[in-house]
Participant: 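Let me give you the structure first, and then I'll get to my questions.
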There are 2 protein chains.
Amino acid sequence: MGNLTHHHHHHPVDPEKFQAELKDKLNSLGYRYTPQRQQIVGLFLSEEGHLTAKEVTEHVQQQSASIDQATIYRSLEFFYKIGVLSCSQMGGQTVYEIAHSVPHHHLVCTNCDTVMPLDDHHFDDLVAHLWQDHQFRAELTHLTISGLCGHCAN
Amino acid sequence: MGNLTHHHHHHPVDPEKFQAELKDKLNSLGYRYTPQRQQIVGLFLSEEGHLTAKEVTEHVQQQSASIDQATIYRSLEFFYKIGVLSCSQMGGQTVYEIAHSVPHHHLVCTNCDTVMPLDDHHFDDLVAHLWQDHQFRAELTHLTISGLCGHCAN
DNA sequence: CTCCTTATTGCAAATAGTTGCAATAATAAC
DNA sequence: GTTATTATTGCAACTATTTGCAATAAGGAG
Ligand SMILES: [Mn+2]
Ligand SMILES: [Mn+2]
Ligand SMILES: [Zn+2]
Ligand SMILES: [Zn+2]
């Protein structure tokens with residue numbers, strides 16, 4: 001598999017603080033912050049970048065072999081639904097990462113698998129047009145655009 | 001606004017001719033046009049629209065129960081790679097359809113699951129910008145944009 | 001038509017992802 | 001701290017998709 005994970009911009013996030021605030025958020029919503037969920041979030045905080053379910057399973061089960069794959073799949077889906085993780089398709093694989101406050105997208109080279117970040121503002125005009133002329137309220141989060149990078153395009 | 005919700009009815013394709021030309025195309029590339037592949041393409045020509053692998057399997061096995069699921073998955077991938085079928089993610093499912101010469105994209109309402117077509121020209125500016133300022137040659141084929149349709153947005 | 005090459009198939013086993021359910025344990029209330 | 005509530009887990013069974021390989025058959029050559 002290609003290296004789908006590396007790029008990024010270090011967001012200055014304090015893991016302790018992030019987890020503490022997350023626990024409060026979940027509890028206030030009636031959810032629980034279990035050791036399994038803490039481990040999964042902890043992994044994403046230490047490994048900045050995209051992770052597949054399989055990668056999460058391997059890393060997490062190294063620490064606690066008892067944690068089940070069903071728990072991992074359900075946790076990833078859970079964190080995605082409440083907005084803690086973002087989710088996207090990259091090279092036929094589903095990848096997750098911490099969802100930052102400002103959305104970002106990706107350019108993926110179909111030849112060399114390089115992943116480049118793409119700022120959200122590139123879609124402002126399109127979103128405005130879809131709303132005005134198509135009555136459609138687009139919610140672009142973590143879009144993946146395929147193509148050829150400058151190096152592979154010539 | 002016209003027929004926004006139901007597209008795919010603009011298909012002046014003669015199935016006989018399409019299949020004959022496809023056979024020649026495959027043969028000239030060293031591939032073979034087997035009865036299994038003929039049936040799968042025939043299904044897409046009769047059922048205009050998006051089909052999942054499961055739907056293809058059900059329809060095709062009604063005629064020939066002996067055709068294996070592995071053959072169907074491999075055929076869908078094969079036709080996608082040579083450009084006969086397009087492939088996209090819609091509502092977490094992988095769907096295929098005949099790839100028309102002019103690409104199209106989709107707006108999908110996350111609330112009511114309505115699918116609306118979106119013409120390729122909406123991305124012209126974005127593609128030009130990515131090429132000029134990011135040295136990236138975007139190849140947008142059958143993109144899916146999620147959001148809320150006009151009805152669900154208010 | 002017959003033969004040859006090899007692309008493609010069916011099968012079966014492997015891998016990936018999902019789901020129902022009883023047991024567990026995180027949280028809140030006392 | 002103790003208890004009650006119920007969200008969450010592990011398990012196992014299930015569905016979905018992929019893969020290796022020997023058998024098959026499509027298409028080109030003679
Ligand atoms: Mn990303
Ligand atoms: Mn389509
Ligand atoms: Zn490249
Ligand atoms: Zn809608």
Side-chain angles (χ1 to χ4, degrees), chain A residues 1 4 19-43 50-61 63-82 84-85 87-96, chain B residues 19-43 50-61 63-82 84-85 87-96:
Chain A
M1 9 221 83
L4 300 172
Q19 298 241 19
E21 289 178 352
L22 181 53
K23 168 170 163 51
D24 289 342
K25 177 183 176 180
L26 295 195
N27 289 345
S28 70
L29 290 169
Y31 302 127
R32 297 171 187 180
Y33 202 39
T34 64
Q36 291 89 339
R37 288 179 177 173
Q38 291 170 38
Q39 264 190 261
I40 292 170
V41 170
L43 175 63
H50 301 127
L51 293 174
T52 64
K54 194 182 175 188
E55 290 170 333
V56 173
T57 304
E58 287 169 355
H59 284 231
V60 165
Q61 286 188 342
Q63 303 188 328
S64 317
S66 63
I67 186 170
D68 196 79
Q69 52 170 359
T71 301
I72 291 171
Y73 281 103
R74 281 189 283 227
S75 295
L76 293 174
E77 179 70 10
F78 168 77
F79 285 125
Y80 170 61
K81 280 195 173 166
I82 66 171
V84 170
L85 293 180
C87 171
S88 58
Q89 300 293 322
M90 281 178 62
Q93 297 201 297
T94 303
V95 294
Y96 297 85
Chain B
Q19 300 239 17
E21 289 177 352
L22 181 53
K23 168 170 165 51
D24 289 342
K25 177 182 176 180
L26 295 195
N27 288 346
S28 71
L29 290 170
Y31 302 125
R32 297 171 187 180
Y33 202 37
T34 65
Q36 291 89 339
R37 288 179 175 172
Q38 291 171 37
Q39 264 190 259
I40 292 170
V41 170
L43 175 63
H50 302 126
L51 293 173
T52 64
K54 194 182 175 187
E55 289 169 333
V56 173
T57 304
E58 287 169 355
H59 284 229
V60 165
Q61 287 189 341
Q63 302 189 328
S64 317
S66 63
I67 185 170
D68 196 78
Q69 51 172 356
T71 301
I72 291 171
Y73 281 104
R74 281 188 284 227
S75 296
L76 293 174
E77 179 70 10
F78 168 77
F79 284 126
Y80 170 61
K81 280 195 173 165
I82 64 171
V84 171
L85 294 180
C87 171
S88 58
Q89 300 293 322
M90 282 179 61
Q93 296 203 295
T94 303
V95 294
Y96 296 85

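Quantities reported herein were computed from a predicted structural model and do not represent experimental measurements. Reminder, nothing fancy here: chain letters follow the sequence lines and each chain counts from 1.
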Participant: Any side-chain to backbone donor/acceptor pair from B:Arg37 onto B:Ser75? Under 3.5 Å, distance only.
Facilitator: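 No, because the side chain of B:Arg37 does not come within donor-acceptor range (under 3.5 Å) of the backbone of B:Ser75.
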
Participant: Starting from P on D:dG27, measure out to CD on B:Gln38 and report it in whole angstrom.
Facilitator: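 After rounding, the gap between these two atoms is 8 Å.
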
Participant: Could I get the full list of salt bridge (charged side-chain N to carboxylate O under 4.0 Å, His left out) partners for B:Glu77, not counting sequence neighbours?
Facilitator: B:Lys81

Participant: Does any donor atom in the side chain of B:Gln39 or B:Ser64 lie under 3.5 Å from an acceptor atom in the other side chain?
Facilitator: yes

Participant: Expected output is a numbered-order residue list: members of residues 28-35 of chain B with a heavy atom under 4.0 Å from any atom of DNA chain D. What is it?
Facilitator: B:Arg32, B:Tyr33, B:Pro35

Participant: Quantified as the angle between the terminal helix axes (five pairs each), what is the overall bend of the helix from C:dC1-D:dG30 to C:dC30-D:dG1 to 10 degrees?
Facilitator: 30°

Participant: Looking across every strand, which nucleic acid part, if any, lies under 4.0 Å from B:Gln36 by heavy atom: base, sugar-phosphate, or nothing?
Facilitator: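 The residue B:Gln36 makes sugar-phosphate contact but no base contact.
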
Participant: In residues 74-81 of chain B, what residues come within less than 4.0 Å of DNA chain C, judged by heavy atoms?
Facilitator: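 The answer is B:Arg74.
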
Participant: Atom OH of A:Tyr73 to atom P of D:dT17: distance rounded to whole Å?
Facilitator: 13 Å

Participant: Is the backbone of B:Ile72 close enough, under 3.5 Å, to the side chain of B:Gln36 for a donor and an acceptor to pair up by distance?
Facilitator: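 Such a contact is absent between B:Gln36 side chain and B:Ile72 backbone.
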
Participant: Taking 5' to 3' order, which nucleotide of DNA chain C is first and which is last to have an atom within less than 4.0 Å of a heavy atom in chain B?
Facilitator: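 Extent of the interface on DNA chain C: C:dT5 to C:dC11.
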
Participant: So, is B:Lys23 near the phosphate of D:dA26, with a side-chain N or O under 4.0 Å from OP1 or OP2?
Facilitator: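 So the side chain of B:Lys23 is outside the cut-off, no N or O lying under 4.0 Å from OP1 or OP2 of D:dA26.
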
Participant: Using the side-chain hydrogen bond (donor to acceptor under 3.5 Å, both in side chains) criterion, which residues pair with B:Thr71? Sequence neighbours excluded.
Facilitator: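 Partners of B:Thr71 by the side-chain hydrogen bond (donor to acceptor under 3.5 Å, both in side chains) criterion come out as none, since no residue qualifies.
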
